[in-house]
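What follows is a short report on a single structure.
All values below were derived from every heavy atom in this structure, side-chain atoms included, with hydrogens, water molecules and symmetry-related copies excluded.
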Amino acid sequence: MPSDAEILIVDDHQGTLYALESALAPLGYPLGRATTGDAALKQVLRGRVGLLLLDLRAPGADGLDVVRYLRRLEQTQHIPVVLLTGFGADQDLATAAFALGVADLITKPVDPWALRTKVRYLYDTHRHRLALEAEIRELRALVKDPGAGDPADTDPAPTLRVPLQRDPGAPAPAHEAT
(Lines give C-alpha, C1' and ligand atoms only; values in the text may rest on other atoms or scores of the structure.)
Protein backbone atom coordinates (compact mmCIF):
# COMPACT_ATOMS: atom_id res chain seq x y z
CA MET A 1 0.00 0.00 0.00
CA PRO A 2 1.53 3.29 -0.97
CA SER A 3 1.97 5.83 1.81
CA ASP A 4 -0.66 8.01 0.14
CA ALA A 5 -3.23 5.19 -0.15
CA GLU A 6 -6.71 6.46 0.24
CA ILE A 7 -9.79 5.47 2.12
CA LEU A 8 -12.33 4.83 -0.60
CA ILE A 9 -15.92 5.74 0.30
CA VAL A 10 -18.56 4.12 -1.89
CA ASP A 11 -22.19 5.25 -1.82
CA ASP A 12 -24.67 6.28 -4.48
CA HIS A 13 -26.08 9.17 -2.41
CA GLN A 14 -24.04 12.37 -2.59
CA GLY A 15 -25.28 13.45 0.85
CA THR A 16 -23.98 10.25 2.43
CA LEU A 17 -20.63 10.62 0.67
CA TYR A 18 -20.33 14.17 1.96
CA ALA A 19 -21.29 13.16 5.53
CA LEU A 20 -18.76 10.29 5.58
CA GLU A 21 -16.02 12.50 4.15
CA SER A 22 -16.79 15.15 6.79
CA ALA A 23 -16.67 12.54 9.55
CA LEU A 24 -13.29 11.19 8.37
CA ALA A 25 -11.61 14.48 7.40
CA PRO A 26 -10.17 15.09 10.91
CA LEU A 27 -8.06 11.93 10.55
CA GLY A 28 -6.05 13.56 7.78
CA TYR A 29 -6.00 10.46 5.56
CA PRO A 30 -6.48 10.82 1.81
CA LEU A 31 -10.10 10.15 0.87
CA GLY A 32 -11.56 8.98 -2.41
CA ARG A 33 -15.11 8.44 -3.53
CA ALA A 34 -17.08 6.24 -5.88
CA THR A 35 -20.79 5.98 -6.52
CA THR A 36 -21.00 2.39 -7.81
CA GLY A 37 -19.49 -0.96 -6.91
CA ASP A 38 -17.97 -1.22 -10.40
CA ALA A 39 -16.23 2.15 -10.05
CA ALA A 40 -14.97 1.09 -6.62
CA LEU A 41 -13.46 -2.10 -8.07
CA LYS A 42 -11.64 -0.10 -10.74
CA GLN A 43 -10.14 2.23 -8.14
CA VAL A 44 -9.13 -0.60 -5.83
CA LEU A 45 -7.45 -2.49 -8.67
CA ARG A 46 -5.28 0.57 -9.37
CA GLY A 47 -3.58 -0.24 -6.07
CA ARG A 48 -4.10 3.06 -4.25
CA VAL A 49 -6.77 2.00 -1.72
CA GLY A 50 -5.89 1.15 1.89
CA LEU A 51 -9.42 0.82 3.26
CA LEU A 52 -12.86 0.55 1.72
CA LEU A 53 -16.08 1.97 3.20
CA LEU A 54 -18.67 0.31 1.02
CA ASP A 55 -22.42 0.74 0.80
CA LEU A 56 -24.04 -2.66 0.82
CA ARG A 57 -26.61 -1.65 -1.78
CA ALA A 58 -24.28 0.13 -4.20
CA PRO A 59 -25.53 0.23 -7.80
CA GLY A 60 -23.92 -2.18 -10.22
CA ALA A 61 -21.97 -4.73 -8.21
CA ASP A 62 -23.41 -4.62 -4.68
CA GLY A 63 -21.21 -4.52 -1.59
CA LEU A 64 -21.02 -8.28 -1.07
CA ASP A 65 -20.21 -8.85 -4.77
CA VAL A 66 -17.37 -6.34 -4.54
CA VAL A 67 -15.98 -8.04 -1.44
CA ARG A 68 -16.23 -11.50 -3.05
CA TYR A 69 -14.23 -10.25 -6.01
CA LEU A 70 -11.59 -8.52 -3.86
CA ARG A 71 -11.05 -11.63 -1.72
CA ARG A 72 -10.27 -13.73 -4.80
CA LEU A 73 -7.31 -11.56 -5.83
CA GLU A 74 -4.03 -11.77 -3.97
CA GLN A 75 -3.34 -8.03 -4.34
CA THR A 76 -6.67 -7.04 -2.76
CA GLN A 77 -7.64 -9.88 -0.45
CA HIS A 78 -6.35 -8.18 2.71
CA ILE A 79 -7.75 -4.68 2.16
CA PRO A 80 -10.01 -3.94 5.12
CA VAL A 81 -13.65 -3.44 4.16
CA VAL A 82 -16.36 -1.84 6.26
CA LEU A 83 -19.85 -2.42 4.89
CA LEU A 84 -22.46 0.26 5.42
CA THR A 85 -26.17 -0.50 5.38
CA GLY A 86 -29.26 1.59 5.84
CA PHE A 87 -31.51 -1.47 6.23
CA GLY A 88 -30.80 -2.30 9.88
CA ALA A 89 -29.34 -5.41 11.43
CA ASP A 90 -29.85 -8.64 9.50
CA GLN A 91 -28.30 -11.85 10.86
CA ASP A 92 -28.02 -13.53 7.44
CA LEU A 93 -26.35 -10.46 5.97
CA ALA A 94 -23.93 -10.21 8.90
CA THR A 95 -23.07 -13.91 8.62
CA ALA A 96 -22.40 -13.61 4.88
CA ALA A 97 -20.35 -10.42 5.32
CA PHE A 98 -18.15 -11.73 8.10
CA ALA A 99 -17.65 -15.04 6.28
CA LEU A 100 -16.13 -12.98 3.45
CA GLY A 101 -13.73 -11.29 5.87
CA VAL A 102 -15.46 -7.94 6.20
CA ALA A 103 -13.94 -5.99 9.10
CA ASP A 104 -17.24 -4.50 10.25
CA LEU A 105 -20.86 -3.96 9.31
CA ILE A 106 -22.21 -0.55 10.29
CA THR A 107 -25.78 0.67 10.07
CA LYS A 108 -26.59 4.16 8.86
CA PRO A 109 -26.79 6.81 10.14
CA VAL A 110 -23.19 6.43 11.25
CA ASP A 111 -21.79 7.73 14.54
CA PRO A 112 -18.81 9.88 13.40
CA TRP A 113 -16.75 9.21 16.54
CA ALA A 114 -17.14 5.45 16.30
CA LEU A 115 -16.45 5.53 12.56
CA ARG A 116 -13.24 7.53 13.00
CA THR A 117 -12.02 5.14 15.71
CA LYS A 118 -12.69 2.05 13.58
CA VAL A 119 -11.22 3.56 10.44
CA ARG A 120 -8.07 4.79 12.21
CA TYR A 121 -7.48 1.34 13.70
CA LEU A 122 -8.16 -0.60 10.48
CA TYR A 123 -6.20 1.75 8.21
CA ASP A 124 -3.16 1.94 10.50
CA THR A 125 -3.18 -1.81 11.18
CA HIS A 126 -3.32 -2.57 7.47
CA ARG A 127 -0.47 -0.14 6.81
CA HIS A 128 1.67 -1.75 9.55
CA ARG A 129 0.88 -5.23 8.28
CA LEU A 130 2.04 -4.32 4.78
CA ALA A 131 5.23 -2.77 6.16
CA LEU A 132 5.97 -5.97 8.07
CA GLU A 133 5.34 -8.08 4.95
CA ALA A 134 7.78 -5.90 2.99
CA GLU A 135 10.38 -6.30 5.73
CA ILE A 136 9.89 -10.08 5.74
CA ARG A 137 10.39 -10.17 1.95
CA GLU A 138 13.62 -8.19 2.33
CA LEU A 139 14.88 -10.46 5.08
CA ARG A 140 14.03 -13.59 3.08
CA ALA A 141 15.92 -12.16 0.11
CA LEU A 142 18.94 -11.59 2.34
CA VAL A 143 18.76 -15.13 3.70
CA LYS A 144 18.56 -16.58 0.17
CA ASP A 145 21.44 -14.40 -1.05
CA PRO A 146 23.57 -13.26 1.91
CA GLY A 147 25.93 -11.44 -0.45
CA ALA A 148 23.11 -9.17 -1.60
CA GLY A 149 23.54 -6.87 1.39
CA ASP A 150 26.07 -4.08 1.79
CA PRO A 151 29.59 -5.51 1.29
CA ALA A 152 30.86 -3.33 4.14
CA ASP A 153 28.51 -5.20 6.50
CA THR A 154 30.10 -8.59 5.88
CA ASP A 155 32.50 -9.79 8.57
CA PRO A 156 35.13 -12.27 7.37
CA ALA A 157 35.62 -13.61 10.91
CA PRO A 158 33.32 -16.49 11.90
CA THR A 159 30.76 -15.86 14.61
CA LEU A 160 31.66 -17.58 17.86
CA ARG A 161 28.93 -18.98 20.06
CA VAL A 162 29.46 -18.67 23.78
CA PRO A 163 27.56 -21.17 25.91
CA LEU A 164 25.08 -19.78 28.41
CA GLN A 165 26.73 -19.35 31.81
CA ARG A 166 24.86 -20.28 34.96
CA ASP A 167 25.37 -18.77 38.41
CA PRO A 168 27.44 -21.38 40.32
CA GLY A 169 25.38 -20.80 43.49
CA ALA A 170 22.05 -21.43 41.76
CA PRO A 171 20.55 -24.93 41.87
CA ALA A 172 20.93 -26.96 38.67
CA PRO A 173 17.90 -27.44 36.44
CA ALA A 174 16.01 -30.68 37.03
CA HIS A 175 17.37 -32.33 33.88
CA GLU A 176 20.97 -31.75 35.10
CA ALA A 177 20.42 -32.66 38.76
CA THR A 178 21.01 -36.42 38.33
Side-chain angles (χ1 to χ4, degrees), residues 1-10 20-21 23-34 36-56 58 60-84 95-106 114-167 173 175-176:
M1 176 171 84
S3 60
D4 62 342
E6 66 186 13
I7 296 169
L8 182 60
I9 304 168
V10 185
L20 292 169
E21 287 173 334
L24 296 175
L27 294 176
Y29 299 138
L31 301 174
R33 58 167 46 194
T36 68
D38 297 325
L41 280 171
K42 288 177 185 174
Q43 287 186 2
V44 171
L45 292 174
R46 289 186 189 117
R48 314 273 321 154
V49 175
L51 180 115
L52 189 59
L53 288 176
L54 180 60
D55 184 19
L56 182 67
D62 76 8
L64 289 178
D65 289 337
V66 171
V67 175
R68 279 186 198 97
Y69 186 80
L70 294 177
R71 296 305 181 237
R72 286 188 296 210
L73 301 176
E74 184 177 344
Q75 74 190 55
T76 61
Q77 63 184 296
H78 297 293
I79 294 174
V81 176
V82 176
L83 280 179
L84 304 169
T95 300
F98 290 124
L100 290 171
V102 168
D104 205 353
L105 180 64
I106 299 175
L115 181 65
R116 275 193 293 272
T117 301
K118 290 175 186 190
V119 164
R120 181 185 306 116
Y121 172 78
L122 291 169
Y123 186 82
D124 290 347
T125 301
H126 184 59
R127 203 167 48 186
H128 291 300
R129 180 182 168 282
L130 292 177
L132 286 172
E133 286 177 354
E135 187 174 347
I136 288 169
R137 282 192 301 276
E138 290 173 15
L139 291 171
R140 284 185 177 151
L142 286 174
V143 168
K144 286 182 183 176
D145 186 11
D150 184 6
D153 289 343
T154 59
D155 184 5
T159 304
L160 299 176
R161 296 191 64 178
V162 178
L164 179 65
Q165 300 296 314
R166 185 178 53 195
D167 180 8
H175 69 279
E176 292 182 8

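- Taking every heavy atom of both residues into account, Ala34 and Leu8 meet most closely at N-CD1, 4.1 Å.
- Arg48 contributes no side-chain N or O that, together with a main-chain N or O of Glu6, makes up a donor-acceptor pair within less than 3.5 Å.
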Trace of the side-chain contact (heavy atoms from CB on, under 4.5 Å) decision for Leu52 with Val66: CA-CA 10 Å; Leu52 189 59; Val66 171; 4.3 Å; yes
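- Residues meeting the side-chain contact (heavy atoms from CB on, under 4.5 Å) test with Tyr121, sequence neighbours left out: Thr125.
- Interatomic distance, CG of Leu45 versus OG1 of Thr76, reported as 6.5 Å (0.5 Å rounding).
- Looking at Leu70 and Ile79, their side chains never come closer than 4.5 Å, going by heavy atoms from C-beta outward.
- When all heavy atoms of Arg116 and Ala23 are compared, the closest pair comes out as NH1-O, 2.6 Å.
- In terms of heavy atoms, Leu53 sits closest to Val119 at CD2-CG2, 4.2 Å.
- The distance from the NE2 atom of His126 to the CD1 atom of Ile7 is 11.0 Å, given to the nearest 0.5 Å.
- Taken to the nearest 0.5 Å, the CG atom of Leu56 stands 9.0 Å off from the CG atom of Leu84.
- The local environment of CD in Glu135 is sparse, with at most 12 non-hydrogen atoms from other residues, nucleotides or ligands closer than 6.0 Å.
- Residue Leu41 holds its CG atom at 8.5 Å from OG1 of Thr36, rounded to the nearest 0.5 Å.
- Residue-environment remark: OH (Tyr29) exceeds the threshold of 12 foreign heavy atoms within 6.0 Å.
- Put simply, the side chain of His78 does not reach to within 4.5 Å of the side chain of Leu130, judged on heavy atoms.
- Arg129 meets the salt bridge (Lys or Arg N to Asp or Glu O under 4.0 Å) test with Glu133; sequence neighbours excluded.
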Could you give me the CA-CA distance, side-chain angles and deciding distance for Val102 and Val67, then say whether side-chain contact (heavy atoms from CB on, under 4.5 Å) is met? CA-CA 8 Å; Val102 168; Val67 175; 4.0 Å; yes
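- Minimum heavy-atom separation, Ala97 to Leu64: CA-CD2, 3.9 Å.
- Note that CG of Leu20 and CG of Leu31 are 9.5 Å apart. Values are rounded to the nearest 0.5 Å.
- Atom CG of Leu54 is separated from atom CD1 of Ile9 by 11.5 Å, given to the nearest 0.5 angstrom.
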Report the C-alpha distance between Val81 and Leu122 in whole Å, list the side-chain angles of each, state the deciding distance to 0.1 Å, and finish with yes or no for side-chain contact (heavy atoms from CB on, under 4.5 Å). CA-CA 9 Å; Val81 176; Leu122 291 169; over 6 Å; no
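- Residue Pro80 comes nearest to Gly50 through the heavy atom pair CD-O, 3.4 Å, listed as atom of the first residue, atom of the second, then distance.
- At least one donor-acceptor pair under 3.5 Å links the side chain of Arg71 to the backbone N or O of Gly101.
- Counting only heavy atoms from C-beta outward, the side chains of Leu73 and Tyr69 approach each other to under 4.5 Å.
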Full working for side-chain contact (heavy atoms from CB on, under 4.5 Å) between Val10 and Gln43: CA-CA 11 Å; Val10 185; Gln43 287 186 2; over 6 Å; no
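- Scanning all heavy atoms of the two residues, the minimum distance from Pro30 to Tyr123 falls at CD-OH, 4.3 Å.
- Residues that satisfy the salt bridge (Lys or Arg N to Asp or Glu O under 4.0 Å) test with Asp62, not counting sequence neighbours, are absent from this structure.
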